Amino acid sequence: MAGLERPLLLTQGDPAGIGPELTLRAWLQRDQERLPPFAVLADPAHLERVASAQGWIVPIMPVDAAQASSAFSQALPVIPLKAKVSADPGKPDPASAPSVIESIETAVRLVRSGTASAVVTNPIAKHVLYDAGFRHPGHTEFLAALAAQDGNTYHPVMMLWSEELAVIPVTVHIPLSSVPSALTTELIVMTGRIVARELKERFGLANPRLALAGLNPHAGENGAMGTEDQAIIAPAIATLQAEGIAASGPLPADTMFHARARKSYDAALAMYHDQALIPIKTIAFDEAVNVTLGLPFVRTSPDHGTAFDIAGQGIARPDSLMAAIKLAARLGAGAKKL
């Protein structure tokens, strides 16, 4: 790797979760996985404690972002945080919140300044941050707020991506009972526009094909099982089609995700969280990557949480984090056909 190559930046995540272990293991597997240069924004002493507890030989090198690529082959480059970390694995502590927030804020600032190419976020625990006064609904909303410091407004869209399937939940972390009232034609159209644009600009697809799931069983069966598919989703599809976007549906969700059906589209828009995440976690549980569309920078993340229950045991698999690193590098380098 060229020494002047802009690195990826990994955030610390919750230091009591599996993020530190995954970061260390990713660096250990950097050659066999052909990982691009990355640095992590963390407390170097904490990472050294985690590595030592597992018996992993990982040289830790405090650097600034400009030094990360040249240091990567010899040591794990760490951009030190001002906030120190004393968390023990598996024991979430609100005292860690300042370091978690500082890591995310600094990563966004460095990427937006052009010093780094993309952000890869390790998992956080929102309840830990809430206990410390964090007021954003979640990780993605915080990133959107940081992006909006440039005076623009951004609508972040969650996409779960793998080589086999890409899915987008139109409504995300809300109760199932709230989905019908939250689902609007305008929301579906806005989501579809963002997905189509970013599949073109970042993923290099000339004419992205979007398949939209119905909300109700059998996509409503002509109103016999609910009216939302005809009244809300179908008009959104018509609008997207009128704008030149290859959108189809509403389709029965129970027949959208088998291998033959997946060949007919590039991304599936689902109407609620589990409708999107169940198929991709079934098909690509260890390899799926969370990609945030609609932001002015590239952000990917492993498709799992902090896993406090196994933190510190050295058994967490780094597959999804490594997939997130590879995809961030591809997207950060410009639009390339995937």
Side-chain angles (χ1 to χ4, degrees), residues 121 123-131 133-148 153-161 165-196 198 210-240 247-257 267-282 285 288 290-295 299 301 303-306:
T121 57
I124 64 173
K126 295 189 290 290
H127 72 274
V128 175
L129 300 184
Y130 294 156
D131 290 344
F134 186 74
R135 290 293 174 260
H136 297 277
H139 208 160
T140 300
E141 290 84 359
F142 183 38
L143 290 165
L146 293 174
T153 300
Y154 299 97
H155 178 77
V157 171
M158 175 194 291
M159 178 168 75
L160 284 301
W161 179 91
L165 174 65
V167 294
I168 299 92
V170 175
T171 64
V172 190
H173 295 118
I174 61 174
L176 186 58
S177 59
S178 301
V179 170
S181 60
L183 194 65
T184 65
T185 298
E186 293 74 20
L187 176 61
I188 298 169
V189 169
M190 179 169 58
T191 303
R193 287 171 178 160
I194 291 170
V195 173
E198 299 233 354
L210 309 183
L212 281 77
L215 174 67
N216 297 294
H218 303 173
E221 204 166 290
N222 294 319
M225 294 191 184
T227 60
E228 294 89 353
D229 302 279
Q230 291 177 311
I232 297 172
I233 303 173
I237 294 170
T239 298
L240 293 171
S248 60
L251 303 172
D254 61 350
T255 57
M256 281 182 60
F257 298 108
L269 274 67
M271 297 303 113
Y272 56 93
H273 182 274
D274 285 10
Q275 191 182 55
L277 271 69
I278 288 173
I280 195 163
K281 289 195 174 185
T282 300
F285 185 81
N290 185 344
V291 187
T292 304
L293 309 179
L295 296 178
R299 180 265 181 137
S301 178
D303 181 26
H304 56 67
T306 53

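Just so it is clear, the structure is predicted and the values come from calculations on it, not from any experiment.
By the 4.5 Å heavy-atom criterion applied to side chains, His273 and His173 are counted as neighbours. Considering only heavy atoms from C-beta on, Pro169 stays 4.5 Å or farther from Gln275 through its side chain. Looking at heavy atoms from C-beta onward, Leu240 lies in side-chain contact with Arg193 at the 4.5 angstrom threshold. Considering only heavy atoms from C-beta on, Gln230 comes within 4.5 Å of Asn222 through its side chain. Between Thr140 and Arg299 there is a side-chain heavy-atom pair separated by less than 4.5 Å. Within the 4.5 Å cutoff, side-chain heavy atoms of Thr171 are placed close to those of Leu187.
Considering only residues two or more places apart in sequence or on other chains, Ser301 meets the side chain to side chain donor-acceptor pair (under 3.5 Å) condition with Thr121. Qualifying ring pair (Phe, Tyr, Trp, His ring centres under 6.0 Å) partners for Tyr154, counting only residues two or more places apart in sequence or in other chains: none.
Counting heavy-atom neighbours within 6.0 Å of Tyr130 OH, excluding the residue itself, gives a total above 12.
Taking every heavy atom of both residues into account, Tyr272 and Leu215 meet most closely at CD2-CD1, 3.9 Å. Across all non-hydrogen atoms, the minimal contact from Ala236 to Ile188 is CB-CG2, 3.5 Å. When all heavy atoms of Thr292 and Pro156 are compared, the pair lying nearest together is CG2-CB, 3.8 Å. Shortest non-hydrogen contact noted between Ala268 and Phe257 is CB-CE2, 3.9 Å. When every heavy atom of Thr191 is checked against every heavy atom of His155, the shortest pair comes out as OG1-NE2, 4.3 Å. Counting all heavy atoms, side chain and backbone alike, Ile233 lies closest to Ala213 at CD1-O, 3.8 Å.
Applying the ring-ring contact (aromatic ring centres under 6.0 Å, His included) rule to pairs touching residues 211-235 yields nothing, sequence neighbours excluded.
Rounded to the nearest 0.5 Å, atoms NE2 (His304) and NZ (Lys281) are 9.5 Å apart. Between atom CG of residue Leu293 and atom CD1 of residue Ile168 there is a gap of 6.5 Å, rounded to the nearest 0.5 Å. Distance check, rounded to the nearest 0.5 Å: CE of Met271 to CD of Glu228 gives 11.5 Å. In this structure, the separation between CG on Leu212 and CD1 on Ile237 is 4.5 Å, given to the nearest 0.5 Å. The structure places CD1 of Ile280 at 4.5 Å from CG of Leu165, a figure rounded to the nearest 0.5 Å. Rounding to the nearest 0.5 Å gives a distance of 4.5 Å between CG of Asp229 and CG of Asn216.
Under the 3.5 Å distance criterion, the side-chain polar atoms of Thr227 are left unmatched by any main-chain donor or acceptor of Gly223. Between the side chain of Thr306 and the backbone N or O of Ile124 there is no donor-acceptor pair closer than 3.5 Å.
Note: Phe142 and Phe134 have perpendicular aromatic rings, judged against thresholds of 30 and 60 degrees for the angle between ring planes.
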